[in-house]
Each structure stands twice: as C-alpha cells, then as structure tokens.
Amino acid sequence: MEIDSGRYHLQWAGVVGMLPLPAMVVGFALGQFPWPDDNLDGGVYLGYELPRHFGEIGTLVWLVLTGASVMFLWLLAIAHIRQNAQLSASVVVMIAGGGASAAAALVFASSFVTIAVMGRGYPVEANGEDHAASMVITYSWNLTEICFALNTVLLGLIWFAVAAANRRHRLLPTALTHAAVGVAVIDVAGVVSVFVPTGAWSPGSFAQVLPGAAATYLWIMAAAVILLRRHGFPAGPTVTASRRRSP
C-alpha cells in the first residue's frame with residue numbers, strides 16, 4: 001500500500017494556513033492600534049504592553065502567526081518534494097528560510113515580552129522613576145522592531161522561492177505565483193525603514209509592518225482556502241493500492 005502523502009500534506013497546509021485569522025483577531029482585539037513608534041519614552045511601551053497582559057498575550061499571538069506561516073511553508077515544500085521526487089533550490093530556500101525566520105521570531109518575541117516582564121517585576125523603576133530602566137525598555141522595544149524590519153529581507157527571499165517552486169510545479173493557481181512575487185517585493189522594500197529613526201515608517205511601526213504583513217497573511221489564507229477546496233480536510237492519509245510484485 002502506498003500513501004498519497006503529497007495530497008495529505010496539501011490538506012494540512014490548507015488547515016494550518018487558516019490559523020493566522022483567529023490569531024490576528026485576538027491581537028487586534030486586545031492591543032492598541034496603531035502601536036507606538038520607535039525611540040519613545042519607556043513608559044509609552046509599558047502603557048502598551050501591561051494592560052490586559054498584552055505583552056505576554058501579544059508574544060504568544062506573534063509566535064502562533066510565525067509558527068503557522070512556517071508550518072504552511074514546510075508542508076507546501078514537502079508536497080513539492082513528494083510530487084516532484086526531487087529537492088529543488090527553491091524548496092531548500094522555503095525549508096531553510098522558514099526555519100531561520102522562526103529563529104529570528106523567537107529573538108524579537110523574547111525582546112518584546114521582556115518589556116512586560118520588567119514592568120511587572122520592577123514597577124517603580126520601570127514606570128519612569130529610573131531613567132536607566134526606561135532606556136532599557138526603549139532599547140528592548142527598538143531591538144524588537146529592528147529585528148522585525150531586517151527579517152523582511154529573509155521573508156522576501158522566501159516568497160520569491162515560493163513563486164519559483166510553484167512556477168516549476170504548479171500546486172497553486174498561476175495568479176498566486178504572480179502574487180507571491182508581489183509579496184516578496186513588498187517584504188524586501190520594508191527594510192529601508194531602518195533609515196527612519198521614529199514615526200509610523202520607523203522599523204516595526206505601523207506603516208512599515210502593515211503592507212507586508214497584510215500581503216503575506218492574505219496570500220497564505222487565500223492559498224489555504226484554495227487547497228481546502230481542491231483537496232478537502234485531512235481525514236487521515238489517502239491510501240492507494242500499489243502494483244503487486246510477482247513472486
């Protein structure tokens with residue numbers, strides 16, 4: 001018996017690709033929108049993260065978004081390998097780039113939640129009575145945002161690889177191949193924000209994040225809907241009879 005694992009992985013990619021939607025709903029429901037810019041007083045960031053435990057919950061939301069995106073990429077990459085019976089350069093970039101992006105997300109998620117942990121653990125110092133503590137909080141925020149902005153170059157490379165893999169072997173409609181190139185361009189363009197010290201266009205701030213994030217997650221969810229419509233929900237691996245060997 002032989003498992004139709006390519007279709008099975010595409011089914012799971014469809015399911016995983018829908019996870020960003022509830023995560024984003026939770027993030028927008030609990031957080032302040034738009035969020036603070038870079039290089040502000042540390043108290044501003046405490047006011048953003050401490051209410052309703054958004055520092056901790058926002059970190060978990062971001063890790064769900066990143067985890068879902070990476071798992072989607074890996075499942076799509078495995079389906080390409082299964083159906084092509086070979087490992088192309090674009091698929092290697094999808095797998096390795098996804099892992100590197102997940103590692104980067106752990107770094108800036110840790111920096112982000114440090115602000116909330118410090119604010120709760122050292123409330124007097126963190127709420128403005130200690131200038132050094134306030135600077136540490138601002139530093140943690142800036143580190144988070146700058147890491148995010150630099151990671152957009154890697155994300156752009158990944159989406160170029162997605163487009164190349166789908167062009168080579170079409171698992172998704174051609175329109176999504178072209179759209180993946182557009183997502184890649186938007187992501188790469190976001191890195192120029194490192195030249196802006198503060199304001200909505202500074203690294204990781206509202207105007208820098210929204211175009212790339214919206215394009216990326218809309219692409220993933222559109223692809224997920226198409227995969228689910230084509231292949232259905234996973235109900236266990238599909239098994240096909242293999243050719244019998246003569247004794």
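This is a predicted model, so every value here is computed, not measured.
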Same cluster for [X] and [Y] if Ile/Leu/Val/Met/Phe/Trp/Tyr side chains link at under 4.5 Å?
X    : Y    : result
M221 : W159 : yes
V26  : F28  : yes
M71  : V64  : no
L65  : F54  : yes
L60  : M118 : no

Inset, instruction - Ignoring hydrogens and angles, tell me if any N or O in the side chain of Y45 forms a donor-acceptor pair with the backbone of L40 under 3.5 Å. - result: yes
Legend entry - Exam field: side chain T216 to backbone G212, donor-acceptor pair closer than 3.5 Å: yes
How long is the span from the [atom1] atom in [X] to the [atom2] atom in [Y], to the nearest 0.5 Å?
X    : Y    : atom1 : atom2 : value
T152 : L150 : OG1   : CG    : 7.0 Å
W219 : L172 : CH2   : CG    : 5.0 Å
L73  : I95  : CG    : CD1   : 10.0 Å
L171 : N84  : CG    : CG    : 7.5 Å
F72  : I220 : CZ    : CD1   : 6.0 Å
S69  : W74  : OG    : CH2   : 11.5 Å

What heavy-atom pair brings [X] and [Y] nearest, and what distance separates the two atoms?
X    : Y    : result
G43  : S134 : N-OG, 4.3 Å
L19  : P22  : O-CD, 3.1 Å
M18  : L228 : CG-CD1, 4.2 Å
M94  : A161 : CG-CB, 4.0 Å
T66  : A102 : CG2-CA, 4.0 Å
S205 : P36  : OG-O, 4.2 Å

Legend entry - Residues forming a ring-ring contact (aromatic ring centres under 6.0 Å, His included) with F206, sequence neighbours excluded: F33
Do [X] and [Y] have side-chain heavy atoms sitting under 4.5 Å apart?
X    : Y    : value
S202 : Q208 : no
I115 : Y48  : no
V61  : M24  : no
F160 : V185 : yes
E56  : V113 : yes
L75  : L10  : no

Legend entry - Residue pair W35, V209: steps toward the side-chain contact (heavy atoms from CB on, under 4.5 Å) verdict: CA-CA 11 Å; W35 51 91; V209 171; 3.8 Å; yes
Inset, instruction - Test side-chain hydrogen bond (donor to acceptor under 3.5 Å, both in side chains) on T114 and S111 and set out the steps. - result: CA-CA 5 Å; T114 295; S111 179; 5.6 Å; no
Legend entry - Chi angles and distances behind the side-chain contact (heavy atoms from CB on, under 4.5 Å) call for V153, L157: CA-CA 6 Å; V153 176; L157 180 62; 6.0 Å; no
Inset, instruction - Verify side-chain contact (heavy atoms from CB on, under 4.5 Å) between S88 and H80, making sure each step is shown before the conclusion. - result: CA-CA 9 Å; S88 65; H80 276 292; over 6 Å; no
Inset, instruction - Determine, for E49 against R120, whether the closest basic-nitrogen to carboxylate-oxygen distance falls under 4.0 angstrom. - result: no
Legend entry - With R229, the side-chain contact (heavy atoms from CB on, under 4.5 Å) member among I226, L227, V225: V225
Inset, instruction - Could I get the full list of side chain to side chain contact (heavy atoms under 4.5 Å, CB included) partners for L154, not counting sequence neighbours? - result: A100, S101, N151, I158
Inset, instruction - Taking atom CZ of R168 as the centre, report whether more than 12 heavy atoms of other residues, nucleotides or ligands fall under 6.0 Å from it. - result: no
Check residues 193-200 and write down every donor-acceptor pair under 3.5 Å in which the side-chain atom is one partner and the other belongs to a residue at least two apart or another chain.
| unit_1 | atom_1 | unit_2 | atom_2 | d |
| --- | --- | --- | --- | --- |
| S193 | OG | G190 | O | 3.0 |
| T198 | OG1 | D38 | O | 2.6 |

Inset, instruction - Look at the aromatic rings of F112 and W141 and report parallel, tilted or perpendicular, splitting at 30° and 60°. - result: tilted
Inset, instruction - For this output row, return yes or no: ring centroids of F148 and W62 closer than 6.0 angstrom. - result: yes
Legend entry - Side chains of T177 and N166, donor plus acceptor under 3.5 Å: yes
